[in-house]
Amino acid sequence: MMAAFLDMGGYAAFVWPAWLLSAAILVAVSVSSVRRLRALERELAEAEGGRDPHS
Amino acid sequence: MNWHRYASPANFKRLSDRLLPWAAGGAALFLAAGVWSGLVVSPADYQQGETVRIMYVHVPAAWMSMFVYANMAVAAAAALVWRHPLAEVAGRAIAPVGAAFTFLCLVTGSLWGKPMWGTWWVWDARLTSVLILFFVYLAYMALNAAFDEPERGARASAVLALVGAINLPVIKFSVDWWNTLHQPASVTRLDAPAIDPSMLAPLLAMAIGFTLFFVAVAFVRIRAELVERRLEALRHARVAGEAAAERT
Amino acid sequence: MSAALALVARDVRLALRTPAETLTILAFFVIAATLFAFGIGPEPQALARVATGIVWVVALLACLISLDRLFQAEADDGSLDQLVLAPAPLELLVLAKCLAQWLTTALPLVVVSPLVATMLQLSPHGYATLLASLLLGTPSLTLFGAVGAALAVGARKGGALLALIVLPLYVPVLIFAVAAVEASIAGLSPRPHLFLLAGLAVFALTLAPFAASAALRQASE
Amino acid sequence: MESTPTAGLEGRALACRRGGRTVFRALDLAAAPGDLLVLRGANGTGKSSLLRLLAGLLAPSDGRLAWDGEAVDEDPAAHRRRVAYVGHNDALKPTLTLAEHMRFHAALRAVPGDACAAALDAFGLGALAGVPARFLSQGQRRRAALARLVAAPAALWLLDEPTNGLDAASVEALARAVARHRASGGIVVAATHLEFAGASARTLTLGAA
């Protein structure tokens, strides 16, 4: 049964890349966004920590 | 109602901390349901066979490419008309996400078209319109990054977002016109088959999943933009501070 | 109103004082078309089939590359401030700039287009409609191009930025224009396509001045 | 009953954000007809930004700018009619002659015919009317910009370093023009280091905080 599922009626070469690309894009967008936010917040903490943050 | 208070990173952080978990959790839930129903439960199409499963990512991606652009156009209007600081930042933050969905729509469209027509790219009216929308996203991001001063880039690209929003229907109409003119009888439109209920469920699940994903990522990216804007201001202040120190 | 007419007169005089700029655009138009001939081959039937598309795409690109100095030159020498501060509405002055640009660039392109069409073996039935489509289509190219040029004022020098902004807006113009010429070549009436082209020109006429003015006001902040 | 609205230009708690930073904040200024307000302050303290703000090129991020008591942004076209702004560069097209520049300026600002010739003579440019701008020196280019300023029927003159590149005689000509403009009830706001102002000039120093 598993083989049939993976084979996708002979269209495995099209269905799986489509879904895998979707997953890849979702992961790439979310990871890059979160990592960017963390890095910037760390940088802000240093910048504001170093001096008294005004208004 | 003073929206301005959300423009400061701290306030916006509180807002996003409350809503982000719900959006991210919802997205995970709906995407899981979509994958399960799309790949396993729903039947193959009597005509297209298993390739119809590509539709469950292709069509939601198309919807998202337009939904994100609509958000950008609204943010652009808010930025230009009310000079709202949050709106200026939002456009720049979500454009790459919209472009990513548009790219996904194009590639999955090509993967869907290949088994049916034997070519990787079909000049189908809708696919071509999505291609042009992709160019508009690229133009928006290029213009946004083309100025030394981020605020100048944000406002210039906001004008482009609105000009794009007004022109997209005209472009869509002209592409449809062009498509019907050159319509060889044999190539049927790249149409989703008549959606029967069992296929609607995964489609909606994926669409809602993508939308909630977009909301979650938008919160994260807008927060990042606000923090970056704050850093920019601190750097300016330090430079101005130095200049003042030199003068005394 | 006299301010706008004075601006058209000034810009046309400026263009006549430096004819090299216009001639360069025309040279580009002809050379780019010949490149397609080298690419597709000299065989008349092959060229004739794609002639309309090539003439129009190359005319469109020639119009595009003539636009990046439209407002940047004004910004560089300080004239942009004076235009933005003029009592006359900026939208009217933008229209004047576009009219002058159309007269000094697009019109010469239209005049030269039969030469290029002949080189590309365009069918004789297409010439009249080609000229009509260029006359009706180039105003939209100039107006939408002006929006792109205004948005790019002060941007870091990126040659392709203007093209990336403006080319999506050029798609409807190209589609309707080429459809008109192809229709008349096929013996059908080009009128529906030409009407759409004219409609597009009116659409551009109403949208572009406001978008370009908004961009210019931002540029002079 | 609100006091009679103060004639001329009045700015209250003006703030300006430019290039991502606050150039100045909570700035008050007033200039009645006949006044000359000189802006002092080091580079980068916002002199040019303030002038562009007063001209209406730059919207204040806070505060209120009024003319004869009425907010300026209520009738931008009227404000544009009353402002003559001379920035850092001189708005000259190399291939156009001075006369052509003046004729265009006249059409743009609805300047009466004879005023152009008089303005050129006032700055000693009468003889150069037929000369294309690319032949002019830095000082002559500056005087061409000031000639167009003088010709325009504008109540509010906004001058950004007007004396850059001017020789003594031209500075003198500018001083006379400013005096004449003030005498006729005009207002001049200028960012400059020179003491060309002569009598009764008020000073606003920026960046003093």
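Just so it is clear: chains get the letters A, B, ... in the order the sequence lines come, proteins before strands, and each one is counted from 1. Quick caveat: nothing in here was measured; it's all calculated off a predicted structure.
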Part of B/Leu39 lying under 4.5 Å from any heavy atom of chain A
both

Examine whether an atom of B/Ala44 lies under 4.5 Å from a heavy atom of chain A, and if so say whether it belongs to the side chain, the backbone or both; otherwise answer neither.
neither

Please lay out, stage by stage, how B/Leu234 and A/Leu44 fare under the test side chain to side chain contact (heavy atoms under 4.5 Å, CB included).
CA-CA 9 Å; B/Leu234 283 178; A/Leu44 182 63; 3.8 Å; yes

Between atom [atom1] of [X] and atom [atom2] of [Y], what is the distance when rounded to the nearest 0.5 Å?
| X | Y | atom1 | atom2 | answer |
| --- | --- | --- | --- | --- |
| A/Glu41 | B/Lys13 | CD | NZ | 6.0 Å |
| A/Leu40 | B/Arg229 | CG | CZ | 12.5 Å |
| B/Arg223 | A/Ser33 | CZ | OG | 12.0 Å |

More than 12 heavy atoms of other groups within 6.0 Å of [X] [atom1]:
| X | atom1 | answer |
| --- | --- | --- |
| B/Phe30 | CZ | no |
| B/Trp22 | CH2 | no |
| B/Trp120 | CH2 | yes |

Taking only Lys NZ, Arg NE, NH1 and NH2, and the carboxylate oxygens of Asp or Glu, determine whether B/Arg235 and A/Glu43 approach each other closer than 4.0 Å.
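Counted as a salt bridge, because a side-chain N and a carboxylate O are separated by less than 4.0 Å.
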
May I ask you to name which of B/Gly38, B/Pro115, B/Ala216, B/Ala100 has the most heavy-atom pairs under 4.5 Å with chain A?
B/Pro115

Please tell me if the side chains of [X] and [Y] come closer than 4.5 Å, counting only heavy atoms from C-beta onward.
| X | Y | answer |
| --- | --- | --- |
| B/Thr108 | A/Trp19 | no |
| B/Val52 | A/Val15 | no |
| A/Arg36 | B/Glu225 | yes |
| A/Ile25 | B/Phe101 | no |

Begin from the C-alpha positions of A/Leu26 and B/Val217 and carry the test side chain to side chain contact (heavy atoms under 4.5 Å, CB included) through to its verdict.
CA-CA 10 Å; A/Leu26 293 187; B/Val217 166; over 6 Å; no

Please give me the minimum heavy-atom distance between A/Ala13 and B/Leu111, naming the atom from each residue.
O-CD2, 4.4 Å

Scanning both residues in full, the closest heavy-atom pair of B/Glu50 with A/Tyr11 reads N-CD1, 4.1 Å

